[in-house]
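Just below is one structure, and these are the notes that go with it.
Each chain gets a letter, A, B and so on, in the order the sequences are listed, and its residues count up from 1.
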2 protein chains.
Amino acid sequence: MQACYGEWVKRREFGQYCGIARALELVGERWALLVVRDLMIRPRRYTDLQEGLAGIPSNVLSTRLKELEQSGIVERQVAPAPQRGVVYALTPLGQELEPALLALGRWGSTQLGDPQPGDRVTPDGATLNLRANFRQEEAAGLTASFELHARDLVVHAVVTDGKLTSGIGPAPEPADLVITAEVPDDVPASYRAIVRAARLGQVELKGSKKLLDTFLRVFTRP
Amino acid sequence: MQACYGEWVKRREFGQYCGIARALELVGERWALLVVRDLMIRPRRYTDLQEGLAGIPSNVLSTRLKELEQSGIVERQVAPAPQRGVVYALTPLGQELEPALLALGRWGSTQLGDPQPGDRVTPDGATLNLRANFRQEEAAGLTASFELHARDLVVHAVVTDGKLTSGIGPAPEPADLVITAEVPDDVPASYRAIVRAARLGQVELKGSKKLLDTFLRVFTRP
DNA sequence: CTGCATCCACTTTGATACTG
DNA sequence: CAGTATCAAAGTGGATGCAG
């Protein structure tokens, strides 16, 4: 605590009556939004997070989780019978960060060149890109499921009456269209690579093939 | 530079092929997004920013501006004849951060209680709230201009064929509807306070009074 | 005045090691 | 698996200096 304009404020607070400043106080610390990003895909254990956030110091992860829990963004759950252990999950408040996170990701994606050697390319990224590029307007009334493959990368997107559910791995029910992209060996398997292949027709399709155009219309932007 | 999993990366980079991580590398440092926020309203001089970001150390502001300029987000302009001096402005790339910033602000606003004594309440906040709460769908085809007053706070919103322009101070052309909110003396004059007053009918109107419902429909959410 | 640069105390982070 | 402990390095906050 320290003096600031006659008032006592925590060092980390900006002291502005502004939603953006408040958001940054809560999730603006280094690594915080990346933790939220990982949890947006599904709940994770401590070591899952450490793995997904390659390079985060253990003590920093520990601190961030406590802060996020304190803020009501993350929930610490002691998992029941099957795997038992500690699991971290987003609260509803944390899930409400999704639009902001996707908007940030859309902007940041434009500033991504090609993947550098050493860059981590995870299925999480593909799942988030699926959500970030999803065009609600184009999907109105649509019901269809897709599965995307590129080498060992597999993600799914299920659209039910215009609403999207997406995740890692195969679709829970057999997908209406399975897209398997032919990606050169020297290019990492990413959402971007799949879309590029799909546009060039360098894909193998299984299922309702005319859904490919629908996929491109609903899940990609020019 | 330092070693990390066999590759050399800058300490501040996250080493993930992910739009969100990239965005955070570029605008995730402390104060960076608040600088962008201030510039989103209009270009500013160094001292304007210092004032708007109450409490930012001079050296940190200086560093952030250089980093943002380096990243192509901010442009340093030497202002011409009238006022001369240095002016910082957003580049087009910087302006593209607006959707992300507004989404973050919408989330953060839900985590704002009432203004604390000592909180800075600026016209910038009201202008951004105007943009953040603007509902494109509801404004389709609309052309109308509004001016909001609450004590010394004045902001304007001009909707032209469904597109919004907003800023501090009176509208460039006389507004179709001028809303003057009656705000208790002990409550800071903010967008929130104006909306609350408008909903309760505690406003004085000048101009086309039936536009008040349109305003509430287009510029507020439940 | 504006637009920084410098100095220094303090805090946070990164890397690694270690424990229940 | 789920953290804690430790310590060096980098970053931040605050004050002040200073040229144009």
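Atom-to-atom, CH2 of B:W31 to P of C:dT11 comes out at 17 Å; the value is rounded to the nearest Å. Here the C1' atom of nucleotide D:dG3 and the CG atom of A:L49 are 13 Å apart, to the nearest Å. If you measure from atom CD of B:E29 to atom C1' of D:dG11, you get 9 Å, rounded to the nearest angstrom. Separating the CD atom of B:E67 from the C1' atom of D:dT12 is a distance of 12 Å, rounded to the nearest angstrom. If you take OH of A:Y46 and C1' of C:dT19, they are 13 Å apart, rounded to a whole angstrom. For the pair B:E13 CD and C:dG14 C1', the computed distance is 15 Å after rounding to whole Å. Rounded to an integer number of Å, the gap from B:I56 CD1 to D:dG14 P is 11 Å. When the P atom of D:dG3 is taken as reference, atom CG of A:L65 falls 8 Å away, rounded to whole Å.
Base contact: A:S58 has a heavy atom under 4.0 Å from a base atom. Counting non-hydrogen atoms under 4.0 angstrom, B:Q50 reaches nothing in the nucleic acid.
Contact between the side-chain N/O atoms of B:K66 and the OP1/OP2 oxygens of C:dG3 is not found at any separation under 4.0 Å. Between B:Y88 and C:dC4 there is a side-chain polar atom (N or O) within less than 4.0 angstrom of OP1 or OP2. Contact check, A:R84 against D:dC1: no side-chain N or O comes under 4.0 Å of OP1 or OP2.
Scanning atom types as modelled, no donor and acceptor separated by under 3.5 angstrom connect the side chain of B:N59 and the base of D:dT12.
In this structure, A:E51 places its CD atom where only 12 or fewer heavy-atom neighbours from other residues, nucleotides or ligands lie under 6.0 Å away.
The aromatic rings of A:W31 and B:F14 lie perpendicular to each other, with more than 60° between the two planes, well past the 30° mark.
Among the nucleotides C:dG14, D:dC1, C:dT2, the one closest to the side chain of A:V60 is C:dG14. Listed nucleotides: C:dT2, C:dT12, D:dA2. Nearest to the side chain of A:R12: C:dT12. Counting only heavy atoms from C-beta on, B:R30 has its side chain closest to D:dT12 among C:dT13, D:dC1, D:dT12. The side chain of B:S62 lies closest to C:dA5 when the candidates are C:dA5, D:dG3, C:dT12. Between D:dG3, C:dC4, C:dT12, one nucleotide has an atom nearer to the side chain of A:R76 than all others, and that is D:dG3.
Between B:K66 and B:E69 there is no salt bridge, since no side-chain N of the basic residue sits under 4.0 Å from a carboxylate O of the acidic one. Note on A:D48 versus A:R42: no salt bridge recorded, every NZ/NE/NH1/NH2 to OD/OE distance being 4.0 Å or above.
The nearest heavy atom of DNA chain D to A:D48 and to B:P57 marks one nucleotide each, and the one closer to the 5' end goes with A:D48.
At least one donor-acceptor pair closer than 3.5 Å links the side chain of B:H156 to the backbone N or O of B:G167.
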